[in-house]
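Note sheet for the following structure.
Values below: every heavy atom of this structure, side chains too, minus hydrogens, waters and symmetry copies. The residues of the chain are indexed from 1 along the displayed sequence.
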Amino acid sequence: MVRPLHPTALVTGANRGIGRAIAAGLKARGCQVTLSARDAALGRAAAADLGVAFARLDLADPDTLFDTIAQTGGFDILVNNAGVLNDISLLDRHSDFTGAMEVMVHAPLDLIRMNVPHWRDTGWGRIVNLSSGWGSFAEGLEGPGAYGIAKAALNALTRALPRDLPPGVKINAVCPGWVATRMGGASAPLTPEEGADTALWLALLPEDGPTGGFFRRRQPIAW
């Protein structure tokens with residue numbers, strides 16, 4: 001199926017940082033973008049600034065996911081960008097394991113499932129999962145708390161889901177690199193726009209583009 005002239009796109013956690021840069025980049029490329037955030041005030045302000053739609057999504061609350069998909073009918077492009085990063089030992093009774101898995105694994109999978117009827121109808125879709133080198137076994141599965149483990153699980157979903165997705169739908173994961181965001185810190189060498197480049201490329205892949213891969217700077221990297 002040919003890509004829609006103006007694909008609809010949902011970007012989660014997009015009121016700042018890489019997500020906001022992806023939302024802006026998709027709009028600049030002719031997409032009809034919906035920016036989502038947990039904080040409604042911050043999300044609406046960012047959406048108004050970019051000139052895109054807004055949807056409040058709390059990835060720890062499945063009802064908000066269902067409401068957004070039900071109201072819109074689904075999206076052509078899904079960018080699972082939202083993430084959480086905490087420096088708490090996995091052995092601590094206050095570990096962030098459950099929350100990290102909810103935000104970075106369960107909610108992305110729920111959004112994919114909810115979008116499947118739309119993709120079956122249109123025959124075209126793109127899923128971009130924002131991952132990290134910290135979620136790569138080849139790079140040591142690093143990072144604080146449950147972050148790397150959740151990203152590794154997101155990578156596993158990316159690798160496995162092509163066998164179940166409708167024809168015409170591609171899914172890929174991206175490591176944006178070390179980006180100067182609130183999560184990455186001010187000393188990071190890349191701007192959010194630079195970090196968003198590969199995600200934007202994957203969101204608009206042609207029909208002969210890859211699926212089930214993991215990319216950094218538009219090049220495949222090891223799981």
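- One finds the CG atom of L165 at 7.0 Å from the OG1 atom of T211 (value rounded to the nearest 0.5 Å).
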Verdict with reasoning, C175 to I221, per side chain to side chain contact (heavy atoms under 4.5 Å, CB included): CA-CA 9 Å; C175 171; I221 59 174; 4.1 Å; yes

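- Each of L141 and V84 belongs to its own hydrophobic cluster when Ile, Leu, Val, Met, Phe, Trp and Tyr are linked at side-chain heavy-atom distances under 4.5 angstrom.
- When atom types are taken as modelled, the side chain of R56 and the backbone of T64 share no donor-acceptor pair closer than 3.5 angstrom.
- For the atom pair L78 CG and N129 CG, the distance stands at 7.5 Å (nearest 0.5 Å).
- Distance check, rounded to the nearest 0.5 Å: CD of E194 to CD1 of I18 gives 11.0 Å.
- Within the 3.5 Å criterion, the main-chain N or O of R217 finds a donor-acceptor partner in the side chain of T198.
- A donor-acceptor contact shorter than 3.5 Å links the side chain of K170 to the backbone of E207.
- Closest approach of P108 and L154 over heavy atoms only: CB-CD1, 4.2 Å.
- In this structure, N115 contributes its side chain and L111 its backbone to a donor-acceptor pair below 3.5 Å.
- Pairing each heavy atom of A9 with each of L26, the nearest pair is CB-CD1, 3.8 Å.
- When the options T191, L190, D197 are evaluated for a side-chain contact (heavy atoms from CB on, under 4.5 Å) with E193, the one that passes is T191.
- Distance check, rounded to the nearest 0.5 Å: CD1 of I69 to CZ of F75 gives 5.0 Å.
- Inter-residue side-chain proximity for N86 and P144 is flagged as unmet; no heavy-atom pair is nearer than 4.5 Å.
- Cluster annotation: I88 and V103 are assigned to distinct hydrophobic clusters (Ile/Leu/Val/Met/Phe/Trp/Tyr, side-chain heavy-atom contacts under 4.5 Å, transitive).
- For R38, there are no salt bridge (charged side-chain N to carboxylate O under 4.0 Å, His left out) partners, not counting sequence neighbours.
- Under the 4.5 Å side-chain criterion, counting only non-hydrogen atoms from C-beta, L205 is in contact with R126.
- Between atom CD of residue E102 and atom CG of residue D61 there is a gap of 9.5 Å, rounded to the nearest 0.5 Å.
- Taking every heavy atom of both residues into account, T12 and L57 meet most closely at CG2-CD1, 4.2 Å.
- At distances below 3.5 Å, not a single donor-acceptor pair connects side-chain atoms of S95 with backbone N or O atoms of L91.
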Any chance you could lay out the side chain to side chain contact (heavy atoms under 4.5 Å, CB included) test for L109 and L157, step after step, and finish with the verdict? CA-CA 8 Å; L109 179 57; L157 280 179; 4.1 Å; yes

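- In this structure, D39 contributes its side chain and L42 its backbone to a donor-acceptor pair below 3.5 Å.
- Not a single donor-acceptor pair under 3.5 Å links the side chain of S136 to the backbone N or O of S132.
- Exactly one residue among I112, L130, V128 makes a side-chain contact (heavy atoms from CB on, under 4.5 Å) with N80. That residue is I112.
- At distances below 3.5 Å, not a single donor-acceptor pair connects side-chain atoms of H6 with backbone N or O atoms of Q32.
- W119 places a side-chain N or O within donor-acceptor distance of the main-chain N or O of D76, the cut-off being under 3.5 Å.
- The nearest pair of heavy atoms linking W124 to R3 is CZ2-CG, 3.1 Å.
- Looking at W134 and K151, their side chains never come closer than 4.5 Å, going by heavy atoms from C-beta outward.
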With side chain to side chain contact (heavy atoms under 4.5 Å, CB included) as the test, would you mind laying out the steps for D58 and D63 before giving the verdict? CA-CA 9 Å; D58 182 347; D63 286 343; over 6 Å; no

Quick one, S131 with V174, criterion side chain to side chain contact (heavy atoms under 4.5 Å, CB included). Give me CA distance, side-chain angles, the key distance, then yes/no. CA-CA 5 Å; S131 185; V174 55; over 6 Å; no

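- At a threshold of 4.5 Å between non-hydrogen side-chain atoms, the residues T34 and T8 do not count as touching.
- The aromatic rings of W223 and F214 sit parallel, their planes meeting at an angle under 30°, below the 60° perpendicular limit.
- Rounding to the nearest 0.5 angstrom, the gap separating the CZ atom in F66 from the CD atom in Q71 is 9.5 Å.
- Between C31 and L204, the shortest heavy-atom contact is SG-CD2, 4.0 Å.
- Between the side chain of R29 and the backbone N or O of G25 there is at least one donor-acceptor pair closer than 3.5 Å.
- When all heavy atoms are compared, the tightest approach of G43 to L35 is O-CD2, 3.6 Å.
- Salt bridge present: E139 and R216 bring a charged side-chain N and a carboxylate O closer than 4.0 Å.
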